[in-house]
Every structure is written in C-alpha cells, then in structure tokens.
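Notes to accompany the following structure.
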Amino acid sequence: MLRYHSFYPWHKEGAYTELTNDTDRAMLQVGPGVQCRYDLYSKGAPRPKVDELMPYYRDLVMNSCRSR
C-alpha cells in the first residue's frame with residue numbers, strides 16, 4: 001500500500017497511466033476507502049513534541065551520514 005500512498009495525481013487525477021502495469025491498475029481499483037485507511041497524514045493523534053524527538057532523529061541522521 002505504501003507504494004501507492006499519497007500519489008494523488010495518479011489515483012485522483014488519472015495522471016502517469018503510461019507508467020503503470022497490470023498490478024498498478026488493479027490497485028487503483030481498490031478505491032479511496034482503503035487508501036484513506038492508510039493515510040499517513042491523519043490528524044487524530046496529538047502532535048508530537050519536536051524537542052523530545054529531535055535527539056533520536058539527529059542521532060539517526062548522523063549515524064547514516066557517517067557510514068557513507
């Protein structure tokens with residue numbers, strides 16, 4: 001589902017159909033009900049506290065950058 005998530009030009013506007021295959025076209029038929037269920041942008045939960053999350057993500061980025 002993640003592959004198709006938030007690709008609104010495709011599943012709402014019908015754009016990029018020349019790049020799709022049979023599997024993609026079948027997923028498009030699943031419909032917006034299923035896609036909305038997996039909406040990564042839902043606002044139901046309280047907003048995270050950025051200052052509490054920053055150390056984790058800073059370390060993650062620093063470790064990823066060092067390995068390259």
Side-chain angles (χ1 to χ4, degrees):
M1 184 53 66
L2 198 52
R3 175 179 174 178
Y4 304 99
H5 183 271
S6 296
F7 194 22
Y8 296 112
W10 177 62
H11 66 78
K12 284 192 171 193
E13 308 298 330
Y16 305 104
T17 55
E18 67 274 11
L19 303 175
T20 60
N21 61 24
D22 290 339
T23 302
D24 296 328
R25 287 185 285 279
M27 286 301 294
L28 185 60
Q29 299 306 314
V30 169
V34 172
Q35 292 165 352
C36 289
R37 187 172 51 180
Y38 296 101
D39 184 6
L40 298 176
Y41 303 107
S42 295
K43 307 296 188 271
R47 293 185 69 163
K49 296 179 181 170
V50 174
D51 56 327
E52 292 176 8
L53 295 174
M54 189 61 74
Y56 170 78
Y57 285 103
R58 183 179 294 124
D59 289 345
L60 189 64
V61 169
M62 293 305 291
N63 289 333
S64 296
C65 291
R66 273 189 226 138
S67 66
R68 292 177 193 228

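Just so it is clear, the structure is predicted and the values come from calculations on it, not from any experiment.
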State which residues pass salt bridge (Lys or Arg N to Asp or Glu O under 4.0 Å) with Asp22; sequence neighbours excluded, sorted by chain then number. Arg25
Please report the closest heavy-atom contact between Asp24 and Asn21, naming both atoms and the distance. N-OD1, 2.8 Å
side-chain contact (heavy atoms from CB on, under 4.5 Å) against Leu53, all qualifying residues, sequence neighbours excluded: Pro48, Tyr57
Got a sec, which residues hit side-chain contact (heavy atoms from CB on, under 4.5 Å) with Tyr56, two or more places apart in sequence or on another chain? Leu60
